[in-house]
Structure formats: C-alpha cells, structure tokens
Amino acid sequence: MPSLYKTLLNSASNYAQYVLILLLDSILNIILSRHLSIDHYANISLALRLINILSFSILLGTSDSSAKSFRDIIIKRRKEEIGRYISWNLNYISKPLISSIIVAFILFFTLDPLNLFSWGYDEFYIEFLPFIFLTAPFLALIRLYASFIRCYKKTNVSRFIEGMAFSILTIIFLLIDYKIYHVDPINEFITVRVLFRSYLLVSLISTLYIAIYLPEIFSKIKDRIHQKEIRYQWVCDAKLHAKNLLLFNLNSNISVILVGIFAYNTNSLAFFTVALLISQFISLVPSAIFVDFIPDINDAMKTSQTLKKFGSQWRQCSTLNFICTCLIAFILFYFSEQILSIFGKDFTTNDAVMMLNIVLLGQTLRCLFGYNQLLLCFTDLINKLTKIDLIGFFMQLLLSILLFTKFGIQGIALGFSISMVLNELIVLYTTKKHIPFNLYFPKKKIFIR
C-alpha cells in the first residue's frame, strides 16, 4: 500500500508532465492568437479539434485496446504473437486511413460545389476540409505508435511523441516564419502548411524511434504489413474502445462545433476555445492522481483482499483530488482576467470572461467527483460507460440548443457545463451500483500509510 508521501509524489510528477504538455499547447495557442486575426485563430482551432476527432475514428479504438491486448503479449514474451498483432492492427486501420486521404484529394479538386451548401462557416469548410482529412491519418499513426511505445513501459517517450512534439515543432516553425522570415500571418495557408509539416515530422520521428529502439516492432511492421491476421478478441476489444472513444470525443467537442455553427461571428468560437484550453488545468488534476491505477484495476476486482487494498488507495486519492481541484480552481477563477489577457486584448472582454467562468465552474464540479470512469472503462463495464457517454452526448446537444435560444452563445457553454456535471452523476451512480467498495469515505481514517 503506497504511503501518502508516495501518492503525492506520483500525482505531482504526473501533473507536472501533463501541465508541461498543456503549457506547450497554451504557448502555441498564444502565438497563434497574437499573430492571427481572431477569425483566423478560431478557424485554426476548430480545424485542429476536427483533426483530433477524425484521427480517433481512423484508429477504431486500437490505440486504447492495445493497453490490454498488446501489453499482455509483451509481458508473456510471445515474440511471434507481436508480429500477428502488429499485422492485424495495421490492416484493421488501413481502410479508414486510406479513405481519409482519398477524401482529402477529392475535396481538394471539388471545392466549388461546396458553395452550394449554405450552413455554418462556408469558407471554413471549403478551405480546411482537405487539410483536416489529409492530416488526420498522420495524427492517427502518431497515436498508434505512441500506444505501442507505451506498452513497453516507455511512458515519457510516448507522452513526448503524442503530447509535446507537435507543439514544440509548430512553435519553432511559427517563430521562424514570423520573426526571421517575417511571413504575413494574414495568409491562413502559411499556418496550415506549418501545422501539416509538424504532424508529418512527428510521425516520421515516432517511426524512427521505433526503428532504432524497438526493432522487434519495426521488423514486424515491414514483414507483416501485407499479411492479414484476424483475432476475434482483438476485434471485440477494439470495437468496445472505438465506440467509447468516439462518444467521448463527440461529448468533448460537440459544444465547440455548435458554437461554430450558431455563432454570428468567430469571436465567440475563439473565446470558447480558449476557455476550454484554460479549464484543462483543472481536468488534469484527476487524470494525474488516478492514472497510475489503470494497470491494476482489472486485477484488483478478482479477490476481496486485493479489492480492499485497492479501495483504500482509491479513497486516499479521492480526498487528494478534492483538495487539489479546489486549489487549482480557486487560482484560475481569481486570475481569470489576467490569464485571458495573455492571449491578447481581444480576449479580455466581458463575454470572454463570462464564458471562461461558466466553463471553469462546470469543469470544477465535474472533477470534484474524481475519475470514476476508469473503473468502468478498464473492467467489463465499458459497455455501460459507452451508454452513459451516448446519453451525455444527446443531453449536451439538447441542453446547448435549448439554452442557446435563451442565452445565446453563452447558453451553449452553460449547456456544456451542466451536461458534464449530470454525466458525472450518472457515472457515479453506475459505479456505486457495480463496484463493490466505497469510493470516497473510509470507515476509520482518510490516508492509509
């Protein structure tokens, strides 16, 4: 049983790494928001979110299911099985990956007919759809390779490849263009070119790392990419995670898409994007505190003794999560205007501050519950989590549209926050119903040494 000191140390280390990733992402967004017009910044932000959603759709759940299937193969040192899994994984995602690239080229040569459809920001969809469909496959490969690396317990490397490398490269390329070559930031094509170049280089870096440090994977990629292997269990696990990831990403991004559709100008979209970015400093708290439980969740449910120990650890972390969430939330609320000013004077309006406070409130209330989704996601209860996410999606969609009619764009932010809290309550109810230990309140003492 880890001591309070070790729990704090591990959580602080995880949070520091997550914050570093988020800070790099924030620096990238600050550079973009200060050099681009607010319209261009909003368009770029929306395009990046759509790329993120599409990349998960291409992977069909394999980046998450590998944590169970591929990791088990590695632990048991079944080298021949490694080749079979790699072969199956690459062939499994090949059709959506190739389809995305084909759609990108079709859209590139058939942009004009899209002018016939007048919904949302016509110019955005015409200019960015080819970029989105062409870039998403590279991000999908980056995530897939990072998941392979993570299965070998090289967590820091996988986090760098998946979370930091893109931001670092893009920041460097943008600073070179803006400060050395004095490129005109008004031209959106310049920014799009830089973003695509960064995704391409990160995919090459991840491939090179696997070739050098994990040659057993790279050799299987070369030897077996054309050999088809079908394993029913692998497919089932991937499909379960695919449905869950797709719904999770839709829940996380549907409000942004609705703002993009219903807003009369792109200011609101930019404000909402920045608000979500800042609120991530709160959402990272439960992620950092509970992430170390993931490898042990399944085994902990097998016996009453392991379940008792696991429950004590979970309650210890729940208390720590409550304290840390309140602390981070207080700092962000108190300095909200100063933080927004970093992104430029356009982000210091009352609308921007109000939208940030609404999102921060919802994120804070959600995170106070902890990270109970893990107990459903990494056990046999993942189907229940998928159903909850589906309910959450329609709940957020309905609330956002209803509140938009009364409060405008801020109503969408309010619908986002309310639905997050309601979704968390449903997760809590389901977890307490199926997980046989107390989530929050120990009988005798809070911290177990």
Side-chain angles (χ1 to χ4, degrees), residues 7-34 41 45 48-49 52 155-156 159-160 162-164 166-168 170-171 248-249 251-253 255-256 259 269-292 317-344 347-348 352-374 413-414 416-421 423-424:
T7 301
L8 284 168
L9 193 64
N10 290 341
S11 300
S13 175
N14 290 331
Y15 189 71
Q17 292 180 54
Y18 290 150
V19 166
L20 179 58
I21 294 171
L22 186 54
L23 282 175
L24 288 170
D25 191 26
S26 300
I27 292 170
L28 172 58
N29 276 268
I30 290 168
I31 292 173
L32 290 172
S33 65
R34 284 185 166 273
Y41 171 71
S45 300
L48 290 175
R49 284 185 173 273
N52 185 61
T155 308
N156 291 334
R159 282 179 182 169
F160 174 80
E162 191 174 8
M164 299 183 195
F166 169 74
S167 297
I168 291 172
T170 307
I171 289 168
F248 174 79
N249 276 284
N251 273 339
S252 302
N253 295 285
S255 54
V256 179
V259 171
L269 179 58
F271 297 158
F272 192 53
T273 300
V274 169
L276 290 175
L277 178 67
I278 295 171
S279 71
Q280 285 185 55
F281 284 97
I282 301 176
S283 65
L284 290 178
V285 174
S287 298
I289 292 175
F290 290 95
V291 69
D292 290 336
C317 288
S318 293
T319 304
L320 180 62
N321 174 74
F322 185 89
I323 295 169
C324 293
T325 298
C326 291
L327 179 62
I328 301 297
F330 174 78
I331 294 171
L332 293 179
F333 272 110
Y334 191 80
F335 295 103
S336 58
E337 292 187 32
Q338 290 87 337
I339 294 171
L340 282 171
S341 66
I342 298 173
F343 291 85
F347 293 86
T348 56
V353 174
M354 178 64 71
M355 195 167 288
L356 174 60
N357 288 334
I358 291 172
V359 174
L360 285 178
L361 179 61
Q363 199 72 273
T364 301
L365 294 175
R366 182 186 73 84
C367 291
L368 288 175
F369 289 98
Y371 207 168
N372 298 320
Q373 288 89 341
L374 289 181
L414 189 59
F416 168 76
S417 295
I418 293 173
S419 63
M420 277 200 306
V421 178
N423 192 75
E424 202 66 37

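These numbers come from the heavy atoms of this one structure, side chains and all, not from hydrogens, waters or symmetry mates.
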Within the structure provided, determine whether [X] and [Y] are in side-chain contact (heavy-atom separation under 4.5 Å).
X    : Y    : result
I278 : V274 : yes
V256 : F416 : no
N321 : V285 : yes
L368 : C326 : yes

Which atoms form the tightest heavy-atom contact between [X] and [Y], and what is the distance?
X    : Y    : answer
F347 : A270 : CE2-O, 3.7 Å
G163 : S167 : O-OG, 4.2 Å
S26  : F343 : O-CE2, 4.3 Å
M355 : A413 : CG-CB, 4.0 Å

Using the side chain to side chain donor-acceptor pair (under 3.5 Å) criterion, which residues pair with [X]? Sequence neighbours excluded.
X    : answer
Y371 : none
S45  : none
N29  : D25, Y41
N156 : none

Using side chain to side chain contact (heavy atoms under 4.5 Å, CB included) as the criterion, list what pairs up with [X], not counting sequence neighbours.
X    : answer
I418 : L399, L403, L414, L422
I342 : I30
T170 : L28, F166, L174, V194, L195, S198
S252 : F248

Neighbour count above 12 (heavy atom, 6.0 Å) for F333 CZ: yes
Using a cut-off of 6.0 Å, state whether more than 12 heavy atoms not belonging to M354 lie near its atom CE. no
For the side chain of S283 and the backbone of Q280, is there at least one donor-acceptor N/O pair under 3.5 Å apart? yes
Sidechain-backbone polar pair: N14 side chain, N10 backbone, donor-acceptor under 3.5 Å: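 Answer holds: yes.
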Partners passing ring pair (Phe, Tyr, Trp, His ring centres under 6.0 Å) against F335 (at least two apart in sequence or in another chain):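 Checked F335 against ring pair (Phe, Tyr, Trp, His ring centres under 6.0 Å); zero matches.
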Rounded to the nearest 0.5 Å, what separation is found between the [atom1] atom of [X] and the [atom2] atom of [Y]?
X    : Y    : atom1 : atom2 : value
L9   : S11  : CG    : OG    : 9.0 Å
N52  : N249 : CG    : CG    : 5.5 Å
L269 : R49  : CG    : CZ    : 9.0 Å
L284 : I289 : CG    : CD1   : 11.0 Å
L32  : L48  : CG    : CG    : 8.0 Å
F290 : N372 : CZ    : CG    : 7.0 Å

Give the table of side-chain donor-acceptor pairs shorter than 3.5 Å for residues 15-23, with sequence neighbours excluded, one pair per line with atom names and distance.
from, atom 1, to, atom 2, distance (Å)
Y15, OH, F281, O, 2.8
Q17, OE1, R159, NH1, 2.6
Y18, OH, R159, NH2, 3.4

Under the side-chain hydrogen bond (donor to acceptor under 3.5 Å, both in side chains) definition, can you give me all pairs with a residue in residues 360-369, not counting sequence neighbours?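 Sorted result for residues 360-369: S279-Q363, Q363-R366.
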Can you pull out every side-chain hydrogen bond (donor to acceptor under 3.5 Å, both in side chains) where at least one residue sits in residues 331-342? Sequence neighbours excluded, please. none
Could you give me the CA-CA distance, side-chain angles and deciding distance for L361 and L365, then say whether side-chain contact (heavy atoms from CB on, under 4.5 Å) is met? CA-CA 6 Å; L361 179 61; L365 294 175; 4.3 Å; yes
Could you walk me through whether V353 and T348 pass the side-chain contact (heavy atoms from CB on, under 4.5 Å) test, one step at a time? CA-CA 7 Å; V353 174; T348 56; 6.0 Å; no
